[in-house]
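Within every chain, numbering begins at 1; the chains are lettered A, B, ... in the order of the sequence lines, protein sequences first and strands thereafter. Keep in mind that this is a model prediction, so the values were computed, not measured. These numbers come from the heavy atoms of this one structure, side chains and all, not from hydrogens, waters or symmetry mates.
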2 protein chains.
Amino acid sequence: MHPDCDDGRITAFGMLLEAHGALVAVVGRELEAATDLTIGWFEVLIRLARSPGQRLRMSELASQAALSTSGLTRLVDRMEEARLIRREACPSDRRGAFAVLTDTGAAALEAALPAHLDSLERHVVAPLGAERLSELAAMLETLRDRARGGPPPPPGR
Amino acid sequence: MHPDCDDGRITAFGMLLEAHGALVAVVGRELEAATDLTIGWFEVLIRLARSPGQRLRMSELASQAALSTSGLTRLVDRMEEARLIRREACPSDRRGAFAVLTDTGAAALEAALPAHLDSLERHVVAPLGAERLSELAAMLETLRDRARGGPPPPPGR
DNA sequence: CTGGGATAGTTGTTCATACAACAACTCGCC
DNA sequence: GGCGAGTTGTTGTATGAACAACTATCCCAG
């Protein structure tokens, strides 16, 4: 076996993959049992709810949700069909479109919150405690920001 | 807007999703540019490489890779077709099968390691530093273990 | 004003992946 | 011998990514 296979960097990255996978599995299962939202849908709804006018441009939403633009088009198609969000034309740029939270979507989100918060309480807060959790969030935020518009040029290619 | 939408728990969980998404995107892009392995394939190879006999049972591999057994079946199909791994019958339990690293697979893994380690160095180690990284890994491990067969931390299992 | 390049979003195709449901099988026990 | 629990691996269905083609629109330079 190659010695680098046990490198701490690989282990740490693997841990991120495994923790993400395990948490999404259990939290997602609980969320879907209590509502009929998947984590992906929930994340879209909550991002819209937190945005001024309960709306975001398609491309902005794609970026926040880490989806491709075409992937987002289809996701919005399905959520629009479920009446949770709707598209609205952008008055200042007629190429653009907003995704807007509907009343149905806001209600679904609010109905899902108690169960979801409880789920996060048990699976995220309880194992770490509030203090270490905020440390974790800060580190993850650093990683995210650095991986997105990273100060160091990403592709040397 | 509902006040709970800004809850720290939701933010922390969202950060996990975003950091995971952003890192997988950039590290995966670099890995695929340097080799023709995806992150998923790489993770399978490295887990096999670390295991005695360079082999794992299908179900064990599925568990480690946070994949369902059915998802693993198809993944192993494609990787077997690419000659990176092969299936081998388990002599002691005729229901079972091993996934075994082939020489081709070991060579592909070794060829991928330098670029991948460099990628992790820049995107994971550099933003946090080695010390905070090990903290992060420890917290993620706690979350993972708790989310999997969750034995609560306060009382011994 | 006008021509042309850049941008926003949609659509179609193809492939990879996720899980649930399912069938086939082994093992251990009576 | 055979029942039943648990495990293993294969199918159906759905979602998401990458890529390219296409429309409509914006904006800038001349």
Side-chain angles (χ1 to χ4, degrees), chain A residues 17-18 20-33 36-44 55-82 84-100, chain B residues 17 20-33 36-44 55-82 84-100 149:
Chain A
L17 298 183
E18 293 191 12
H20 172 269
L23 272 179
V24 164
V26 62
V27 172
R29 201 177 312 124
E30 293 184 6
L31 183 63
E32 286 174 48
D36 9 327
L37 296 175
T38 64
I39 287 189
W41 287 33
F42 181 89
E43 290 288 320
V44 166
R55 71 190 54 213
L56 281 173
R57 286 291 285 268
M58 297 291 287
S59 53
E60 178 62 20
L61 190 53
S63 161
Q64 285 194 23
L67 281 173
S68 65
T69 59
S70 69
L72 186 77
T73 292
R74 274 132 189 161
L75 176 59
V76 168
D77 285 347
R78 291 188 294 273
M79 293 184 70
E80 192 171 29
E81 195 177 357
L84 298 175
I85 62 179
R86 67 173 187 278
R87 275 177 239 245
E88 203 167 290
C90 174
S92 64
D93 183 346
R94 284 165 53 186
R95 295 169 301 179
F98 285 107
V100 189
Chain B
L17 299 184
H20 172 269
L23 271 179
V24 164
V26 64
V27 172
R29 201 177 313 125
E30 292 185 8
L31 183 63
E32 287 174 47
D36 13 327
L37 296 175
T38 64
I39 286 188
W41 287 34
F42 181 88
E43 289 289 319
V44 167
R55 71 189 54 213
L56 281 173
R57 289 291 282 269
M58 297 289 286
S59 55
E60 180 61 21
L61 188 54
S63 162
Q64 285 195 25
L67 282 174
S68 65
T69 57
S70 56
L72 187 75
T73 292
R74 284 180 159 165
L75 179 58
V76 167
D77 285 346
R78 290 188 294 274
M79 293 183 70
E80 192 170 30
E81 194 177 359
L84 297 174
I85 63 179
R86 66 173 189 278
R87 277 178 235 245
E88 203 168 291
C90 173
S92 65
D93 183 345
R94 284 164 55 188
R95 297 170 300 179
F98 284 107
V100 189

- Task: Select base, sugar-phosphate, or nothing to describe what A:A62 touches, counting heavy atoms under 4.0 Å on all strands.
- Result: nothing
- Message: Is it the case that D:dT7 (base atoms only) and B:R95 (side chain only) share a donor and an acceptor within less than 3.5 Å, ignoring hydrogens and angles?
- Response: no
- Spacing of B:Q64 atom CD and B:E43 atom CD [to the nearest 0.5 Å]: 10.0 Å
- How long is the line joining CD of B:E32 and C1' of D:dA17, in whole Å? 10 Å
- Message: Counting the atoms with a prime plus P, OP1 and OP2 as sugar-phosphate, which does B:W41 contact under 4.0 Å by heavy atoms, base, sugar-phosphate, or nothing?
- Response: sugar-phosphate
- Item | Residue closer to the 5' end of DNA chain C, A:A25 versus A:A97 (nearest nucleotide) | A:A97
- Query: With a cut-off of 6.0 Å (strictly less than), are more than 12 heavy atoms of other residues, nucleotides or ligands near CG of B:D36?
  - Reply: no
- Salt bridge flag under 4.0 Å for residues A:E88 and A:R86: yes
- Note on the structure: Between CG of A:L31 and C1' of C:dC19 the distance, given in whole Å, is 16 Å
- Task: Measure the distance from CZ on A:R57 to C1' on C:dG9 and round it to the nearest whole Å.
- Result: 10 Å
- Message: Quick check on C:dG9: is either OP1 or OP2 less than 4.0 Å from any side-chain nitrogen or oxygen of A:R87?
- Response: no
- Query: Picking from C:dA8, D:dG9, D:dT25, which would you name as closest to the side chain of A:R94?
  - Reply: D:dT25
- From the candidates C:dG9, D:dT8, C:dT17, the one with an atom nearest any side-chain atom of B:L75 is C:dT17
- Is A:R57 positioned over the aromatic face of A:F98, cation under 6.0 angstrom from the ring centre and no more than 45 degrees off axis? yes
- Query: Which heavy atom of B:L61 sits nearest a heavy atom of B:A99, and at what distance?
  - Reply: CD2-CB, 4.0 Å
- Message: Reading DNA chain D from 5' onward, which residue's closest nucleotide shows up sooner: A:G40 or A:S92?
- Response: A:G40
- Respond yes when some side-chain nitrogen or oxygen of B:S59 is under 4.0 Å from OP1 or OP2 of D:dT7, and no when none is. no
- Using whole Å, report how far CG of B:D93 lies from C1' of C:dC27. 8 Å
- Message: Categorize B:L67 for me: base, sugar-phosphate, or nothing, with a 4.0 angstrom heavy-atom threshold over every strand shown.
- Response: sugar-phosphate
- When you measure from the side chain of B:T38, which nucleotide among C:dT17, C:dG9, D:dC26 comes out closest? C:dT17
- Task: Quick one: label A:S70 by what it contacts on the DNA or RNA (base, sugar-phosphate, nothing), any heavy atom closer than 4.0 Å.
- Result: base
- NE2 of A:H20 versus P of C:dA18: gap in Å, rounded? 11 Å
- What's the CZ-P distance between B:R29 and D:dA18, to the nearest Å? 8 Å
- Note on the structure: B:L61 atom CG is separated from D:dT8 atom P, nearest whole Å, by 12 Å
- Mind checking A:R74 for me? I need base, sugar-phosphate or nothing, with any heavy atom below 4.0 Å counting as a touch. base
- Task: To the nearest Å, give me how far apart CG (A:D77) and P (C:dG9) are.
- Result: 13 Å
- Query: A:S68 near the nucleic acid: base, sugar-phosphate alone, or nothing, with a heavy-atom cut-off under 4.0 Å?
  - Reply: sugar-phosphate
- Quick one: which of A:D77, A:V76, A:L75 gives a side chain to side chain contact (heavy atoms under 4.5 Å, CB included) with A:T73? A:D77
- For A:T73, answer base if it contacts any base atom (sugar-phosphate contacts may also be present), sugar-phosphate if it contacts only those atoms, and nothing otherwise; contact means non-hydrogen atoms under 4.0 Å. base
